[in-house]
K.L.:
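Take this structure, written in structure tokens, and hold onto it; I'll ask about it next.
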Amino acid sequence: MAKLNDDHLKLAIQKDGRLTEDTRNLLRTVGLHYETYKRQLFSICRNFPLDILYVRDDDIAEYVAEGVVDLGIVGRNLVVESEKPVKELLELNYGQCSLKVAVPAESGITTIEQLAGCNVATSYPVTTTRYFADQHVDANIITISGSVEITPALGVASAIVDLVSTGSSLRLNDLIPIANVLDSQSIVIGNPRSVAHPEKRAIIDRLLTRFQGVITASEYKYVMMNVPHDSLAYITTIMPGLKSPTVLPTADAGWMAVHTAIREDVFWDVIEELKTLGAQGILVSSIEKMFF
Ligand code: PRT
Ligand code: ZN
């Protein structure tokens, strides 16, 4: 059986859950080559000094804090709840969700102050207790390990604090959110000693740079279009490119070709205006990796 490498950095990721597919995709997209097969406990990268360990997400912050691994990829919600002394190194832009206070729609409760003296059920007792203390509301926090959203209907609690992404689970249980406790997404965390260790830090930085390149690229599109010469000056001002867009002549002297990388949200904001200004043949493509 293969063994972990002593001189490799160790990264813990979720073995099988909501973050697993996006995390594996990220590791592949940044060019890491490693074998995977079912029921595997770890993989060894062939082209980067990194070993990847597959674990339950609840254990990742602990493994990173204890130095069992140098790095972990996990939801911020679990890192905050664990209170482990790890360093948040990078947001990865997937696994977005938030921890919210929710109450039965028909309860008439609209503020958390109305929950003073009430039972609040959650799987995040540490974060919830701290939140209510910060808000100076004396609620009774009850720890539930799963299906928190059914506790109000069972008469166990007046409110819940639970993770929400689309909100459909809340709606299904006739619950409405009244306050936001924490915004979460998938993040890279580091062991403080590993981060401070010069050689390890150098490898960590190489890996983070690769991650950042993929994240930035996912927010941008590469846009090519032909624009009438007269509109060019204005069009380049409404399309803030990386530095300035590339402008090339075309066979027709009245038209120029403009190439630029643009944030996707900005592109959707300006597309109508571009068409009004006469832009034609607008081609939009994805960027795999991008470094400023
Ligand atoms: O087996 P393991 O312990 O590793 O995994 P797990 O079952 O404990 O966790 P998993 O895979 O369910 O979630 C992993 C991480 O995904 C969480 O820690 C969050 O950081 C993140 N995440 C993102 C979510 C959600 N979105 C989410 N919607 N985790 C849970 N949910 C729950 C939510 O609480 C609700 O019950 O999914 C349900 C549906 O949500 P709505 O709002 O879309 O209806
Ligand atoms: Zn878990």
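All residue numbers in this chain count up from 1 along the given sequence. Fair warning: this is a prediction, and the values are worked out from it, not measured in the lab. Remember, it's 1-based here, ligands and their atoms both numbered in the order they're listed.
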K.L.:
Taking side-chain contact (heavy atoms from CB on, under 4.5 Å) as the criterion, tell me which of V86, L207, V64, I189 meets it with L71.
P.N.:
L207
K.L.:
Please check if the side chain of K289 supplies one atom and the backbone of I287 the other of a donor-acceptor pair under 3.5 Å.
P.N.:
no
K.L.:
Donor-acceptor pair, distance only, cut-off 3.5 Å: does the side chain of T216 make one with the backbone of G213?
P.N.:
no
K.L.:
Has the side chain of T122 got a donor or acceptor atom that lies under 3.5 Å from a matching backbone atom of T128?
P.N.:
no
K.L.:
Would you mind running through ligand 1 and noting each atom that sits below 4.0 Å from a heavy atom of D58?
P.N.:
3 (O), 8 (O)
K.L.:
Of the listed options (D57, L163, L19), which comes nearest to atom 2 (P) of ligand 1 when hydrogens are ignored and any heavy atom counts?
P.N.:
D57
K.L.:
Of all the non-hydrogen atoms in the protein, which one sits nearest to atom 5 (O) of ligand 1, and at what distance?
P.N.:
Q14 NE2, 2.8 Å
K.L.:
Among R18, R76, R171, which one has a heavy atom closest to atom 30 (C) of ligand 1?
P.N.:
R18
K.L.:
Keeping the roles fixed (side chain from S231, backbone from L277), state whether a donor-acceptor pair exists under 3.5 Å.
P.N.:
yes
K.L.:
Scan for salt bridge (charged side-chain N to carboxylate O under 4.0 Å, His left out) pairs involving residues 73-101, sequence neighbours excluded, and state none if there are none.
P.N.:
E62-K84, R76-E88, R76-E91, E83-R130
K.L.:
Under 3.5 Å between some N or O of ligand 1 and some N or O of G95?
P.N.:
no
K.L.:
At a non-hydrogen distance cut-off of under 4.0 Å, which region of C97 contacts ligand 1 (side chain, backbone, both, or neither)?
P.N.:
side chain
K.L.:
Can you pull out the closest protein heavy atom to atom 17 (C) of ligand 1? Residue, atom name and distance to 0.1 Å, please.
P.N.:
N77 ND2, 3.7 Å
K.L.:
Side chain of T260, backbone of I262: donor and acceptor closer than 3.5 Å?
P.N.:
no
K.L.:
For atom 44 (O) of ligand 1, grab the closest protein heavy atom and report residue, atom and distance to one decimal in Å.
P.N.:
S169 N, 2.7 Å
K.L.:
Any donor-acceptor pair under 3.5 Å linking the side chain of N226 with the backbone of Q280?
P.N.:
no
K.L.:
Would a 4.0 Å cut-off, counted as strictly less than, catch a protein heavy atom around atom 28 (N) of ligand 1?
P.N.:
yes
K.L.:
Using a distance threshold of 2.8 Å, what protein N/O/S atoms lie below it relative to the Zn ion (ligand 2)?
P.N.:
D57 OD1, D58 OD1
K.L.:
Quick check: does any side chain N or O of S186 sit under 3.5 Å from a backbone N or O of Y94, one acting as donor and the other as acceptor?
P.N.:
no
K.L.:
Quick one: which ligand 1 atoms are inside 4.0 Å of a heavy atom on D162?
P.N.:
34 (O)
K.L.:
Among all protein non-hydrogen atoms, which one is nearest to atom 1 (O) of ligand 1, and what is the separation to 0.1 Å?
P.N.:
R56 NE, 3.6 Å
K.L.:
Under 4.0 Å from ligand 1, counting heavy atoms only, is it the side chain of T166, its backbone, both or neither?
P.N.:
both
K.L.:
Closer than 4.0 Å to some heavy atom of G75 - which atoms of ligand 1 meet that?
P.N.:
20 (O)
K.L.:
Got a sec, which pairs hit salt bridge (charged side-chain N to carboxylate O under 4.0 Å, His left out) with one end in residues 217-233, sequence neighbours left out?
P.N.:
E219-R263
K.L.:
Who pairs with R193 by salt bridge (charged side-chain N to carboxylate O under 4.0 Å, His left out), at least two apart in sequence or on another chain?
P.N.:
none
K.L.:
Quick test of your reading of the structure: of G146, S186, S165, whose heavy atom lies closest to atom 40 (O) of ligand 1?
P.N.:
S165
K.L.:
Donor-acceptor check, side chain of N173 to backbone of S169, threshold 3.5 angstrom: yes or no?
P.N.:
yes
K.L.:
What atoms in ligand 1 come closer than 4.0 Å to a heavy atom of G17?
P.N.:
11 (O)
K.L.:
NE2 of H229: more than 12 outside heavy atoms within 6.0 angstrom?
P.N.:
no
K.L.:
Does R39 make a cation-pi contact with Y54 (under 6.0 Å, within 45 degrees of the axis)?
P.N.:
no
K.L.:
With heavy atoms of V164 as the reference, note each atom of ligand 1 found under 4.0 Å away.
P.N.:
42 (O)
